[in-house]
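Encoded as structure tokens, the structure appears first; notes follow it.
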Protein chains: 2
Amino acid sequence: MKNPALDQLKIEQPPATLREIVQEKMRDAIISGLFSPGERLVERPLCDQLGVSRTVIRETIRYLEAEGLVEILPNRGPIVAPLSWEDARQIYEIRRMLETAAAMECASAGSKALHADLQAALEALKQAFGQTGPDVVPEVPGALFRASTRFYQVMFEAAGHHIAWEVVNRLNGRISRLRAMTLSAAEREKPGLHHMQTICDAIVAADPEAARRAVAAHLDDAAAVAKRLLSADVPE
Amino acid sequence: MKNPALDQLKIEQPPATLREIVQEKMRDAIISGLFSPGERLVERPLCDQLGVSRTVIRETIRYLEAEGLVEILPNRGPIVAPLSWEDARQIYEIRRMLETAAAMECASAGSKALHADLQAALEALKQAFGQTGPDVVPEVPGALFRASTRFYQVMFEAAGHHIAWEVVNRLNGRISRLRAMTLSAAEREKPGLHHMQTICDAIVAADPEAARRAVAAHLDDAAAVAKRLLSADVPE
DNA sequence: CCCTATCTTGTGGTATACCATAAGACCATC
DNA sequence: GATGGTCTTATGGTATACCACAAGATAGGG
């Protein structure tokens with residue numbers, strides 16, 4: 001009676017609302033540096049730029065505020081949240097706790113499917129990076145962020161740590177703006193790519209301790225870059 | 001020239017917007033169990049109940065959604081997010097990582113002012129509990145939540161872990177609905193109060209290891225209650 | 001130039017209107 | 001009873017209007 005092939009016709013995802021579309025665009029724009037930290041997000045010009053009503057913009061800003069990407073100043077309205085080294089440092093510290101737990105879980109209990117998924121995500125990241133040269137800036141700035149996010153998503157979901165993934169994904173949005181601050185793609189991504197390869201290798205090798213060390217090394221490097229970038233902003 | 005006494009007249013906090021007021025009321029209502037998990041949050045009746053326009057309700061729902069207290073079902077609109085034992089377990093696990101770090105930091109580097117603040121928060125919690133008898137349900141259901149939140153806030157801020165506090169505070173909102181599920185105030189709060197006293201004592205005694213153990217014990221107990229409450233919902 | 005007063009306008013907060021569509025109720029047929 | 005068709009209404013998504021007030025510009029006086 002029931003035809004499984006018909007299940008494929010089911011519309012699992014409703015069409016995206018304007019709100020969802022705008023949220024993604026605004027989020028990408030902030031993360032990629034199109035809007036600078038501290039920059040005011042004034043509703044009406046945003047309406048013009050995005051071609052939607054203020055309602056959609058306002059609701060979107062509520063999300064972004066809850067995500068920590070936007071702050072509301074009294075009598076001034078929303079600004080793109082600044083990022084201090086202290087905030088970034090704490091974010092890396094929390095990531096260390098949560099990501100090492102997930103990576104070690106994967107190394108302990110990983111499956112072949114997980115290994116394949118991780119390697120696929122890593123390959124996609126390499127593509128996003130553009131293997132045509134170390135100094136070529138990718139054409140789509142958000143693509144790197146999405147590709148590396150995918151790697152982590154695979155890892156957290158395989159570990160079954162989906163709440164931790166929510167937390168980390170959100171915190172990552174806040175620090176990923178650092179990418180837009182560095183001039184050299186090689187500086188910011190090659191070491192990261194190498195680290196993620198090491199994480200993947202440790203998981204495939206079923207070595208939790210190696211996975212933990214690889215995650216920690218990755219975060220240490222990323223934190224050092226962040227410190228350099230953000231400490232230079234301290235007025236002396 | 002400049003009169004410092006006039007500084008006291010400065011309005012540091014602007015008047016709360018309707019949106020802020022409604023957000024707090026809705027959040028409290030969800031956490032206290034006034035809205036049940038899975039219950040639909042239909043905009044127009046909410047407008048009637050709260051006496052505000054749909055705009056305010058919609059923006060509020062965006063916050064609550066981002067906080068994890070509300071889920072949006074396609075073609076059905078927002079519902080109060082259900083809470084599974086698996087979600088709760090992961091939340092307690094993350095809290096363990098973050099809270100032990102904060103408590104140990106406080107025990108290592110606490111000041112007299114911190115000790116006084118913690119003890120004041122603990123005293124306020126006892127008052128909220130109502131020391132008139134173990135089985136008296138407090139008159140204001142949200143008061144217990146706020147009082148215990150204050151204790152943790154003091155601890156995280158003293159440790160300087162303000163990002164972790166954001167994370168934990170948000171996650172706590174999601175599991176604090178469990179309070180509304182228990183029939184006995186003694187069951188749910190006396191052990192917690194005792195644990196928090198132990199945490200406070202360990203911090204005052206500058207004993208990080210004891211603080212870590214006290215936090216872990218507290219979370220273990222809370223998780224056991226959650227498991228009992230939420231596992232009973234599994235259809236067999 | 002500095003300070004104060006006044007005016008204009010930009011902006012956020014909020015309410016309301018409009019519309020599409022999905023859900024649910026009801027009825028007819030097999 | 002099950003199924004399909006039709007109609008109504010409830011509901012969410014979105015746009016627009018209105019208003020208060022804060023910010024900024026401008027003018028005048030010392």
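These numbers come from a predicted model, not from an experiment. All chains are named by letter (A, B, ...) in the order of the sequence lines, taking the proteins before the strands, and each is independently numbered beginning at 1.
B/R19 has its CZ atom 11 Å from the P atom of C/dG12, to the nearest Å. When the P atom of C/dT21 is taken as reference, atom CG of B/N75 falls 11 Å away, rounded to whole Å.
Cation-pi contact between A/R27 and A/F145: absent, since separation from the ring centre below 6.0 Å together with deviation from the ring axis within 45° is not met. Taking the ring centre of A/Y63 as origin, the terminal cationic atom of A/R19 falls outside the region bounded by 6.0 Å and 45° from the ring axis.
Environment of CD in B/E39: crowded, with over 12 heavy atoms of neighbouring residues, nucleotides or ligands closer than 6.0 Å. No more than 12 heavy-atom neighbours from other residues, nucleotides or ligands sit within 6.0 angstrom of CD on A/E24.
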Checking B/I57 against B/M26 for the side chain to side chain contact (heavy atoms under 4.5 Å, CB included) test, could you report, in this order, the C-alpha distance in whole Å, the side-chain angles of both residues, the deciding distance, and whether it holds? CA-CA 9 Å; B/I57 299 287; B/M26 289 293 302; 5.7 Å; no
Show, in sequence, the C-alpha distance, side-chain angles and deciding distance for B/E123 and B/Q119, and conclude whether the side-chain hydrogen bond (donor to acceptor under 3.5 Å, both in side chains) test is met. CA-CA 6 Å; B/E123 191 58 37; B/Q119 277 157 350; over 6 Å; no
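No side-chain heavy atom of A/F35 sits under 4.5 Å from any side-chain heavy atom of A/V70. Residues B/L122 and B/M196 are in side-chain contact: their nearest non-hydrogen atoms beyond the backbone lie under 4.5 Å apart.
Axis angle between the ends of the helix from C/dC1-D/dG30 to C/dC30-D/dG1, five pairs each and rounded to 10 degrees, works out to 10°.
Once you apply a 4.0 Å limit to the heavy atoms of chain B, the touched nucleotides of DNA chain D run 5' to 3' over D/dT11 to D/dT14.
Remark: B/R54, B/R58 in residues 52-65 of chain B come within less than 4.0 Å of DNA chain D through at least one heavy atom.
Each of A/E59, A/E20, A/E67 was evaluated against B/R62; a single residue qualifies, A/E59, per the salt bridge (charged side-chain N to carboxylate O under 4.0 Å, His left out) test.
Between B/A81 and B/E71, the shortest heavy-atom contact is CB-CG, 3.9 Å.
Between B/R40 and A/R40, the residue anchored closer to the 5' end of DNA chain D is B/R40, taking for each the nucleotide with the nearest heavy atom.
Within the 4.0 angstrom heavy-atom criterion, base atoms lie near A/R44.
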